[in-house]
Amino acid sequence: MKKSTVDITWLGQGGFLFESVGERLIIDPFLSDVVEQRQGFPRLTSPPFTVEELEPDFIFITHDHIDHFDPISLPEIHRSYPKVPVGGPDSVMNKAVNCHFNPSALVTINKYDTHFFGRFKITAMPATHSDPFTVGCLVEVGGKVIYLSGDTLYSEKLADELMLIIKTKIDVMLVCINGKLGNMDWLEAVSLVRKLKPKLAIPMHYGMFAENTTDPVPFIDGIGSFGIMGEILIPGVRKTIS
């Protein structure tokens with residue numbers, strides 16, 4: 001695969017925008033206040049983009065929870081871009097059908113499945129979460145390999161399985177660290193990074209709700225202690241991987 005730069009922009013929580021050679025992939029865009037409406041937890045940060053500003057070419061959703069499959073924003077995105085492919089595991093597809101998404105846009109991608117969205121090669125990775133269909137994903141584009149954990153607990157079994165599946169060096173690892181509601185904590189995330197040995201590790205899934213957050217600095221210090229570079233992203237600010 002020809003090498004090129006890849007831009008990564010954190011959308012907050014577990015959401016990201018990936019850009020490469022004019023193509024845009026969004027994963028788990030959480031832009032609404034649905035969690036406050038349904039559960040009483042207000043956002044701590046505003047969405048870095050409006051639906052109109054996202055302009056996706058492809059969409060991937062890791063699981064059906066409302067801070068990942070946003071039941072307000074995602075249908076709005078789909079109405080604005082009804083032909084843009086929406087990929088994800090069975091639970092995501094079922095919810096998309098219930099939300100009256102265009103069936104021709106839906107692409108089922110369950111654990112271990114691989115699908116090409118334009119330049120983006122996505123492989124659904126194993127994860128352990130309360131939605132049993134939850135996946136992480138491996139994104140390969142422009143000669144770069146990016147692993148996104150999605151929402152998942154940590155286990156030695158999961159780590160060993162990921163090490164067997166991911167055959168190439170990981171350029172960037174995006175890993176949850178909040179340690180609540182079915183996710184690994186920062187110390188477990190450090191353990192996973194240590195096993196997978198990416199060139200760069202970026203923490204995610206914190207800072208959105210006061211009831212479900214943590215300090216990312218111990219994670220950065222933890223992976224730095226064994227020589228792996230870490231970086232804290234600011235929602236809405238691009239990080240270029242060259």
Side-chain angles (χ1 to χ4, degrees), residues 5-39 41-63 65-81 84-88 92 117 120 122 136-137 139 141-142 144 146-151 171-178 181 183 189 200-217 219-220 230-242:
T5 61
V6 179
D7 290 336
I8 301 175
T9 306
W10 190 26
L11 303 178
Q13 201 69 338
F16 289 89
L17 164 65
F18 301 91
E19 300 172 89
S20 181
V21 195
E23 293 186 349
R24 295 160 69 93
L25 164 70
I26 56 173
I27 296 181
D28 291 357
F30 173 63
L31 307 179
S32 77
D33 63 354
V34 66
V35 173
E36 182 175 10
Q37 291 180 26
R38 296 188 181 183
Q39 300 176 359
F41 301 152
R43 299 177 65 112
L44 297 176
T45 61
S46 299
F49 296 101
T50 65
V51 167
E52 293 74 23
E53 291 169 332
L54 278 179
E55 299 182 339
D57 294 295
F58 317 102
I59 300 168
F60 185 77
I61 306 297
T62 61
H63 65 293
H65 291 164
I66 60 176
D67 58 334
H68 294 262
F69 189 123
D70 184 333
I72 295 176
S73 296
L74 193 59
E76 186 179 348
I77 294 168
H78 181 64
R79 285 192 295 270
S80 298
Y81 304 94
V84 166
V86 179
V92 169
F117 291 108
F120 294 92
I122 293 183
C137 62
V139 179
V141 64
K144 308 297 186 298
I146 303 161
Y147 166 61
L148 185 151
S149 72
D151 278 14
D171 293 290
V172 183
M173 180 171 171
L174 309 166
V175 61
C176 59
I177 64 166
N178 57 300
L181 301 176
N183 280 347
L200 172 68
I202 295 171
M204 66 168 190
H205 216 291
Y206 67 92
M208 182 62 71
F209 305 107
E211 298 82 1
N212 184 21
T213 191
T214 192
D215 181 358
V217 173
F219 168 81
I220 298 295
E231 186 168 343
I232 296 172
L233 297 190
I234 299 171
V237 178
R238 282 188 180 93
K239 166 70 178 177
T240 297
I241 308 299
S242 58

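Bear in mind the structure is a predicted one, so any value in this text is a computation, not a measurement. Starting from 1, each residue takes its place in the sequence as its number.
Looking at M173 and I202, their side chains never come closer than 4.5 Å, going by heavy atoms from C-beta outward. A 4.5 Å side-chain heavy-atom check between P71 and R38 finds at least one atom pair inside the cut-off. Considering only heavy atoms from C-beta on, I66 comes within 4.5 Å of Q39 through its side chain. The side-chain heavy atoms of I27 and L148, taken from C-beta on, include a pair separated by under 4.5 Å. The closest side-chain heavy-atom distance from E23 to F120 is below 4.5 Å. Between L11 and P47, the closest side-chain pair of non-hydrogen atoms is not below 4.5 Å. Side-chain contact between L25 and L17 is absent, with no heavy atoms from C-beta onward closer than 4.5 Å. At a threshold of 4.5 Å between non-hydrogen side-chain atoms, the residues I77 and S80 do not count as touching.
For C176 against G150, the heavy-atom pair with the smallest separation is SG-O, 3.5 Å. Of all heavy-atom pairs between G12 and P235, the closest is N-CB, 4.3 Å. Between P203 and I177, the shortest heavy-atom contact is CB-CD1, 3.7 Å. In terms of heavy atoms, P48 sits closest to G236 at CB-CA, 3.5 Å. Closest heavy-atom contact between L44 and G207: CB-O, 3.6 Å.
Take T9 and apply the side-chain hydrogen bond (donor to acceptor under 3.5 Å, both in side chains) test, not counting sequence neighbours, and it matches no residue. Listed by chain and residue number, K239 satisfy the salt bridge (charged side-chain N to carboxylate O under 4.0 Å, His left out) test with E231 (two or more places apart in sequence, or in another chain). Every residue two or more places apart in sequence or in another chain that forms a side-chain hydrogen bond (donor to acceptor under 3.5 Å, both in side chains) with T240 is listed here: D7. Taking P85 as the reference, F58, V107, F117 meet the side chain to side chain contact (heavy atoms under 4.5 Å, CB included) condition, with sequence neighbours excluded. Residues forming a side chain to side chain contact (heavy atoms under 4.5 Å, CB included) with S73 (at least two apart in sequence, or on another chain): L31, S32, D70. Under the side-chain hydrogen bond (donor to acceptor under 3.5 Å, both in side chains) criterion, T214 pairs with no residue, sequence neighbours left out. A search for ring-ring contact (aromatic ring centres under 6.0 Å, His included) contacts involving H78 returns F101, not counting sequence neighbours. Considering only residues two or more places apart in sequence or on other chains, P42 meets the side chain to side chain contact (heavy atoms under 4.5 Å, CB included) condition with E36. For R24, the side-chain hydrogen bond (donor to acceptor under 3.5 Å, both in side chains) criterion is met by E19, not counting sequence neighbours. Shown here are the side chain to side chain contact (heavy atoms under 4.5 Å, CB included) partners of L181, two or more places apart in sequence or in another chain: N212.
To the nearest 0.5 Å, atoms CD1 (I241) and OG1 (T5) are separated by 9.5 Å. To the nearest 0.5 angstrom, F219 atom CZ is 9.5 Å from I232 atom CD1. Atoms CZ and CE, from F16 and M204 in turn, are 6.0 Å apart once rounded to the nearest 0.5 Å. For the atom pair NE2 of H205 and OG of S149, the computed distance is 8.5 Å after rounding to the nearest 0.5 Å.
Residue pairs meeting the salt bridge (Lys or Arg N to Asp or Glu O under 4.0 Å) criterion with at least one partner in residues 202-215, sequence neighbours excluded, are absent. Here salt bridge (Lys or Arg N to Asp or Glu O under 4.0 Å) pairs that include residues 41-57, with residues two or more places apart or in two chains, number zero.
Checked options T45, N178, D67; the residue passing with Q13 is D67 (criterion: side chain to side chain donor-acceptor pair (under 3.5 Å)).
The ring of W10 has its center closer than 6.0 angstrom to the ring center of Y206.
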### Task
Begin from the C-alpha positions of Y147 and L174 and carry the test side-chain contact (heavy atoms from CB on, under 4.5 Å) through to its verdict.
CA-CA 6 Å; Y147 166 61; L174 309 166; over 6 Å; no
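Side-chain N or O atoms of D28 include one that pairs as donor or acceptor with a backbone N or O of T62 at under 3.5 Å.
Judged purely by distance below 3.5 Å, without hydrogens or angles, the side chains of D151 and H65 never pair a donor atom with an acceptor atom.
Within 6.0 Å of CD1 in I234 there are 12 or fewer heavy atoms belonging to other residues, nucleotides or ligands.
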